[in-house]
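This report refers to the structure that appears directly beneath it.
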Amino acid sequence: MKVKLIRTELKRPTYRYLGFAVVRAGDGTEYRLPMTGTVAQWLEEGGEYELFLSREAEIGFDDYELKGSVLIWPLFEREFTLERASPLSGEALYSYRIRAREARYERDYEAIVELEQYHYASDEELLALWHCEACDRYEEANARPRCPGCGAPMRFHDLKSATRASRFLVLELLEREPYEPQYVGYVRVDPPIPAMNRRLPDGRIERDIRRRVFPPGWFARPFAARGAETPEEWWELQGRALREARSPVARLARVVVHPDYRVDGLGQLAVRALVEWMGARWVPDMRCPKEALETIAMMARYNPFMEKAGFVYLWDTGSGRPVLYLPLSDRARTAIEDFLKADPVARGHGGKLYRPRFAPVEPLSRPIRLRKLFKSYANELSLEALSEPVRRALEAFGVRERLIQRYVIKNGELEIPPGKVTAIVGASGSGKTTLLRILWGLLTGSDDPLYLPDSGEWELPDNARPGLLIPGEAEPGFGGEPVIEAIYRICRDEALAIEILNYAGISDAVLYRARYRELSTGQRERAKIAWALAHRPNVLLVDEFGAHLDPATARRVARRMSQLAREKGITLVLVTHRREVLNALEPDVLYMVGYGTLFRADELPDKGFRVKEPYATYIVEGKKRWEVRRYPTSVRGRVGVVSGDKVIGTVEILGTKGPFTLEELREHPDRHLADERFLREYAKGEKLYVWELGGARKFHEPVEFEAQRGQRTWVRLRRKKKPPEERDAEEAGDNGR
């Protein structure tokens with residue numbers, strides 16, 4: 001049906017995720033449509049829209065569609081698959097399933113705040129504003145604080161850096177291990193900046209440069225809201241600016257990807273999702289089709305991400321920041337190409353800003369060959385230095401002074417081809433580290449017996465520049481200086497230092513300036529790799545590669561190292577016991593003793609409670625914070641969430657509130673996600689309670705449990721025993737590994 005917008009209803013503290021649009025049909029019937037305030041505020045009073053209802057009373061978030069020139073509600077949502085291919089065969093090694101959707105829930109914005117911290121260079125800056133409903137008080141924090149006045153948890157209000165025009169697209173990892181994050185990134189899109197000047201190489205300023213390239217009408221109605229001195233003035237000025245803004249150009253204000261996932265192309269996928277969002281919904285203003293995407297990014301000088309995503313560098317702003325455009329229409333593409341041809345400065349750079357620094361190394365002149373290799377260790381055991389009681393105890397076991405001799409490598413042969421990846425896998429004590437020591441000793445001409453074989457034959461290249469990493473033995477000394485400073489002192493090129501850190505899997509500017517001691521164990525391992533790469537070795541020996549990285553991160557870093565070695569001609573020799581590392585490395589040569597692993601990811605709590613769908617899924621995905629019940633519960637802590645006959649995840653019960661009337665619950669639909677009709681039928685005229693939930697975790701795969709009679713709401717969780725034939729098959733598989 002055709003409807004006209006009568007008004008929008010917004011509350012400033014919760015406008016990001018809760019608002020209403022009141023529309024009137026031709027017969028005079030009015031409908032109050034719940035939606036996010038970030039969408040509702042763009043709708044124009046008196047504007048005509050099409051409304052499709054699945055029911056006409058007590059309309060909930062999921063009960064209607066609203067359409068103008070484009071679909072307005074429900075929000076944009078789309079799934080993407082990103083395959084990571086082998087650098088050898090081009091076949092997929094592993095893949096990501098990502099859901100890209102416009103931010104809707106309060107939890108989405110909490111995740112955005114968490115990720116936003118990776119965008120800033122200072123860990124002291126407070127990024128978000130939070131609001132206490134009881135005290136009507138605002139506080140700055142990077143994580144949900146408790147109100148200084150009443151002690152209650154505060155609610156997310158807004159990001160300090162955002163405007164009311166800002167809209168957010170979050171990226172969720174659909175298939176993930178329990179230790180992996182649900183949110184792996186987000187994109188923020190804004191209207192283009194109101195005005196832009198250009199700084200020429202000689203320092204002169206060229207004003208309003210965009211009018212030279214694009215039609216002047218594209219930037220005639222900018223989003224401009226400046227001069228507010230109080231939050232109330234800010235709200236009003238921003239609201240007026242929203243009513244005026246209109247442009248076929250949008251601005252990419254943020255692309256933030258979790259640091260552990262940046263080396264795998266998720267940033268480019270985020271831009272792809274944004275382009276599809278813009279094409280489908282004309283974000284942010286929904287008033288005209290988008291023909292170009294604008295971004296201003298200083299990091300584009302040091303990272304090729306933007307250009308890999310299709311952006312073209314055009315100029316620097318008056319303050320010296322690079323400006324890049326992604327054309328979305330033929331008209332924009334032609335305008336950009338014409339400018340690059342006609343403008344003298346633009347012709348010089350040709351639309352390219354980033355210049356790679358890490359050049360290929362000189363490859364080894366010949367393979368490394370070891371034959372008839374022997375290496376033994378001798379240990380002389382003595383009881384002389386022991387105390388009398390300890391000596392007596394050992395003598396009781398028959399321990400006497402003796403000389404223990406054993407071969408670590410006996411008549412071994414090894415050939416390492418230049419520019420290839422060689423993996424060495426073996427059990428603890430099998431001689432893997434000893435082999436690396438021998439390679440290092442031979443390549444460097446060492447006279448230390450620890451690094452030399454007892455005997456053997458070898459052929460070595462005469463141009464080897466080896467690098468060695470052995471945990472606890474051959475490691476870099478970063479000292480107290482920032483990691484990037486240590487890398488810069490080796491290579492003497494700040495852009496190359498950043499490039500090397502990116503190759504090693506440290507692509508977060510916050511970590512660039514961290515000191516080694518401030519890094520996590522996994523980050524330290526990647527920093528060591530960066531240190532080794534900065535010396536530009538043409539043969540790199542690494543012991544226990546990936547030992548301190550989680551499986552997913554180890555896989556990403558291994559694939560990146562394998563690709564780098566092959567692209568740059570580095571001969572890579574890695575010791576590892578990780579199957580996921582081997583799969584991602586795809587070694588050209590493998591020397592293997594044996595390996596195995598064991599991992600369980602779905603540990604069940606003792607008890608769980610049953611929830612109907614879709615609410616059970618909403619709970620484990622962190623979207624539903626209140627579980628409405630007819631009674632309070634004394635249960636606290638982590639419990640299972642049972643949907644049907646399976647446990648689909650867990651959640652923490654933080655407390656109980658209530659009783660609430662139906663009218664009181666109606667004010668919080670974003671917390672319990674239940675519509676009014678359901679609440680009325682469930683309440684049966686009685687007041688209701690809510691269980692406060694937090695810390696949601698969704699299982700990668702639902703887990704079956706042994707259901708017992710008489711258990712209705714609360715159930716004891718015991719893993720369901722598998723049929724004998726399935727257990728027999730699994731045991732046979734285990735024995736065959």
Side-chain angles (χ1 to χ4, degrees), residues 364 366-386 390-391 393-418 420-462 464-476 528 532 537 539-548 571-578 581-582 585 587-596:
L364 294 179
R366 61 189 300 180
I368 300 171
R369 293 189 178 97
L370 308 181
R371 299 188 186 94
K372 300 178 183 179
L373 192 68
F374 286 82
K375 180 68 175 180
S376 64
Y377 284 123
N379 294 322
E380 185 176 351
L381 300 182
S382 172
L383 304 183
E384 291 182 0
L386 301 178
V390 173
R391 185 185 299 114
L394 293 180
E395 288 175 346
F397 286 92
V399 176
R400 298 287 190 273
E401 295 187 10
R402 69 183 64 178
L403 179 66
I404 295 179
Q405 294 179 315
R406 67 184 181 94
Y407 279 107
V408 180
I409 300 174
K410 185 176 182 179
N411 200 27
E413 292 191 8
L414 180 71
E415 181 171 323
I416 299 172
K420 303 295 184 179
V421 178
T422 298
I424 302 170
V425 181
S428 178
S430 63
K432 306 183 302 297
T433 303
T434 297
L435 184 55
L436 289 190
R437 290 188 184 121
I438 290 173
L439 288 170
W440 173 261
L442 293 174
L443 291 170
T444 59
S446 173
D447 57 2
D448 187 338
L450 180 67
Y451 292 90
L452 293 176
D454 296 337
S455 63
E457 301 174 359
W458 45 86
E459 298 175 12
L460 305 173
D462 55 9
R465 295 197 312 275
L468 177 66
L469 289 175
I470 298 179
E473 181 177 320
E475 293 188 314
K528 293 174 187 177
V539 54
L540 179 57
L541 315 172
V542 183
D543 193 21
E544 294 299 336
F545 178 76
H548 298 296
T571 301
L572 195 59
V573 183
L574 300 177
V575 167
T576 183
H577 64 279
R578 308 279 293 273
V581 169
L582 284 173
L585 280 174
D588 301 283
V589 181
L590 176 65
Y591 290 88
M592 180 173 64
V593 176
Y595 55 87

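Please read all numbers here as calculations on a predicted model, not as lab measurements. Numbers here simply count residues along the sequence, with the first being 1. These values consider heavy atoms only, across backbone and side chains, with no hydrogens, waters or symmetry-generated copies.
The shortest non-hydrogen separation linking K375 to T434 is CG-CG2, 3.7 Å. The two residues V575 and K432 have their closest heavy-atom pair at CG1-CE, 3.4 Å. The two residues P453 and L442 have their closest heavy-atom pair at CD-CD2, 4.0 Å. Between P461 and P367 the shortest heavy-atom distance is CD-O, 4.1 Å. Heavy atoms only, all atoms of each residue included: G467 and P537 are closest at N-CB, 3.8 Å.
Interatomic distance, CG of L460 versus CD1 of I368, reported as 6.5 Å (0.5 Å rounding). Between atom CG of residue L450 and atom CD1 of residue I438 there is a gap of 9.5 Å, rounded to the nearest 0.5 Å. In this structure, CG in L585 is found 7.0 Å from OG1 in T576, a value given to the nearest 0.5 Å. A distance of 9.5 Å separates CG of L439 from OG1 of T422, quoted to the nearest 0.5 Å. The CG atom of L364 lies 9.0 Å from the CZ atom of R465; values are rounded to the nearest 0.5 Å.
For K420 (side chain) and P587 (main-chain N/O), no donor-acceptor pair under 3.5 Å exists by modelled atom type.
With sequence neighbours left out, the side chain to side chain contact (heavy atoms under 4.5 Å, CB included) criterion links T433 to R437, I470, D543. With sequence neighbours excluded, the residues forming a side chain to side chain contact (heavy atoms under 4.5 Å, CB included) with K528 are L469, E475, P476, Y516, listed by chain and number.
Taking the side chain as every heavy atom from C-beta outward, L373 and L435 approach each other to under 4.5 Å.
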Next on the checklist: One pair to check against side-chain contact (heavy atoms from CB on, under 4.5 Å): V589 and I416. What are the steps and the verdict?
Outcome noted: CA-CA 8 Å; V589 181; I416 299 172; over 6 Å; no
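Salt bridge present: E459 and R371 bring a charged side-chain N and a carboxylate O closer than 4.0 Å.
Sorted by first then second residue, the side chain to side chain donor-acceptor pair (under 3.5 Å) pairs that include residues 440-451, not counting sequence neighbours, are Y451-E473.
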